[in-house]
Amino acid sequence: MFGGKNAIKEADANFKPKKETDAGYSPTKDCIIAADKICKSFKDLEVLRNVDLYVPKGQVVVIIGPSGSGKSTMLRCINKLEVPNRGEIYYKGVASSRKDASIAELRERVGMVFQHFNLFPHMTVMENIVMAPIGVKKMSKEEAVKEGEQLLERVGLLDKKDEYPTRLSGGQKQRIAIARALAMHPEVMLFDEPTSALDPEMVGEVLEVMKDMAKSGMTMIIVTHEMGFAREVADRVVFMDGGGIVADGTPQWMFDECGNERVRAFLRSVL
Amino acid sequence: MAKVLELITKYKALIVSGVEITMTISLLAIVFGMILGVILAIMKICRIRVLNVIAGAYVEIIRGTPVMIQLCIAYYGASVIGINYPRFNMFGGACTSDRLIAAVIGLGLNAAAQICEIVRGGIQSIDYGQTEASLSLGMSSFGTMWKVVLPQAVINIIPSLGNDFVNMIKTSSNVTIIGLADLMYVSNLIRGQSYRPFSPFVIAGGIYFVLTYVLSNLVKLYERNATKSRKR
């Protein structure tokens, strides 16, 4: 797209992350996604104030917090659906605001699953899945369909490949949306309250698919109210309130040991 | 009644050519209006401020002025700004090309303003989540518009466009003012020749009614099929 030079592609080639304990470790260089001092306002409303979130490769991060705390905005800043007013998103150490870093290339590598699924209603399930691989990755149709079938198998919906989304249940739609995002072979997956719009009996099937992904080593950043899931699957739980990160630690610490009063009050209200 | 039939038989050739011209300019004007209207709609929703303003001003001005004035400017005024339409006989001498072109341009410019709003409404009625989902997959803005938004918007737009075409057939009667021999013009001609001040207009009105009635029912039929297929 930009001829030879492409910072995001270079980032993939040059990314050799150091461990946190290594000398010279830098969170913005050695994390797969580093959100650095992010500020975001909508008109007069300040939603994010100087938020740092560094996510090493393979980590599963769950973001919790009361509504209006900036969780979703934070997530949407990471794949540039919202452009931060200040601060920088680094992908594998490359600043995404660089002129030679294409936002579309970033988004190819950072998949997203939405609360309301956002499947394309005028396309069949399979067409939903293969659109971007064919259109963006220039994959052949046969290859894309073959991969699409494998992905549908993985989310347990191969028999629905020729249905239109309107004929599916919420849980099925969300699993298709996950398969659609995975079809681009993302390095990172963002989940914006993936189960909040679902009937209770369908939450489990979606979480099950996400659990499998976590096991396979996918880097995931998940905004959710499913505390049981957070405790079981997350490597790390981040608590946001009032546009900033208030607490950040392992699930065990967050749910059992953290003494912060805002965290305790929130957990009391949801558990 | 017998007298009306007699009138129709006597001036059949004239009436037929009038209908032909009315249908021709309506069809061409709606096609021209559609092309320009889609361009205007894109100008209006794109992120370039200057284009927003130009398209917005265009729509306001066209909607706020009579179509007759627009037609007069398109025909009489064109030569002033250096546009000279080619001139030759059409429809067996029933009209000349310069008037027909001016009519198509005048009506088309008028329809474009209407169509711009229809298309813009159709595009904006599609949930923004669709755009976000497509962008989040790495699709370009153009690819998102072309593959995701427009196919969904078109289903909503087509019935309104059909109604616009139906309206266009009636609006096209304004071209009489520039001397194009459409259905309205020939009925006035027949009035003068036959000294009958009533029947020619009733005949013309009847023909306009049949044309619009058939067409608007075709639009309804399409609408019903489209909603059905959306529920598949």
Side-chain angles (χ1 to χ4, degrees), chain A residues 1 8 72 75-76 78-82 102-124 127-138 162-167 173 176-192 197, chain B residues 34 38 41-42 45-52 118-162 219 221-232:
Chain A
M1 200 172 173
I8 300 287
S72 287
L75 208 61
R76 293 160 57 83
I78 290 174
N79 72 349
K80 293 284 185 99
L81 283 181
E82 305 289 355
S102 127
I103 292 181
E105 293 250 359
L106 172 78
R107 288 177 179 147
E108 268 185 59
R109 288 155 177 79
V110 182
M112 185 156 189
V113 173
F114 300 84
Q115 181 178 358
H116 296 289
F117 332 121
N118 298 347
L119 292 179
F120 309 131
H122 59 301
M123 299 182 188
T124 64
E127 286 164 351
N128 262 277
I129 292 174
V130 300
M131 179 189 79
I134 293 173
V136 179
K137 278 199 186 301
K138 307 291 170 213
D162 295 321
E163 291 280 12
Y164 282 87
T166 42
R167 298 273 299 264
K173 282 184 198 169
I176 301 294
I178 292 173
R180 180 177 69 179
L182 287 177
M184 293 304 284
H185 302 285
E187 303 249 354
V188 180
M189 283 286 287
L190 310 175
F191 294 84
D192 188 5
Chain B
M34 228 145 56
V38 169
I42 291 170
I45 49 180
C46 76
R47 268 185 238 117
I48 304 166
R49 184 99 202 132
V50 189
L51 296 182
N52 300 162
I118 293 171
V119 171
R120 187 184 59 87
I123 288 173
Q124 287 181 340
S125 72
I126 304 303
D127 179 20
Y128 193 64
Q130 294 283 311
T131 302
E132 290 191 335
S134 174
L135 291 177
S136 80
L137 291 165
M139 296 281 287
S140 62
S141 322
F142 177 80
T144 298
M145 185 51 81
W146 189 245
K147 291 256 172 139
V148 175
V149 179
L150 277 182
Q152 297 184 60
V154 160
I155 297 171
N156 302 337
I157 290 171
I158 284 181
S160 314
L161 282 184
V219 173
L221 199 69
Y222 166 85
E223 221 169 335
R224 218 172 303 149
N225 282 334
T227 28
K228 221 187 284 169
S229 65
R230 235 181 306 173
K231 283 184 188 142
R232 64 200 150 183

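Residue numbering restarts at 1 for every chain, and letters A, B, ... go by the order of the sequence lines.
Between A/Met123 and B/Pro151 the shortest side-chain heavy-atom distance does not fall below 4.5 Å.
Of all non-hydrogen atoms in A/Asn118 and B/Gly129, the two that sit nearest each other are ND2-O, 3.1 Å. Here the shortest heavy-atom pairing between A/Met131 and B/Lys147 reads SD-CB, 4.0 Å. Taking every heavy atom of both residues into account, A/Phe114 and B/Ala133 meet most closely at CE1-CA, 3.6 Å. The nearest pair of heavy atoms linking B/Gly138 to A/Val136 is O-CG2, 3.6 Å.
For the set A/Leu81, A/Val113, A/Leu190, the entry with the most heavy-atom pairs within less than 4.5 Å of chain B is A/Leu81.
B/Glu132 meets the salt bridge (Lys or Arg N to Asp or Glu O under 4.0 Å) test with A/Arg76; sequence neighbours excluded.
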What do the steps show when you test A/Arg107 against B/Leu135 for side-chain contact (heavy atoms from CB on, under 4.5 Å), and what is the final call? CA-CA 7 Å; A/Arg107 288 177 179 147; B/Leu135 291 177; 3.8 Å; yes
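For A/Leu119, the part lying near chain B is the backbone, with the side chain staying farther off; criterion is any non-hydrogen pair under 4.5 Å. Residue contact with chain A, scored on non-hydrogen atoms closer than 4.5 Å, involves the backbone and the side chain of B/Ser134 alike.
Here A/Phe120 contributes atom CZ and B/Thr144 contributes atom OG1; the two are 7.5 Å apart, rounded to the nearest 0.5 Å.
Between the B/Gln152 side chain and the A/His122 main chain, no donor and acceptor come within less than 3.5 Å of each other.
Of the options A/Met184, A/Met112, A/Glu108, A/Arg180, a side-chain contact (heavy atoms from CB on, under 4.5 Å) to B/Ser136 is made by A/Met112 and by none of the others.
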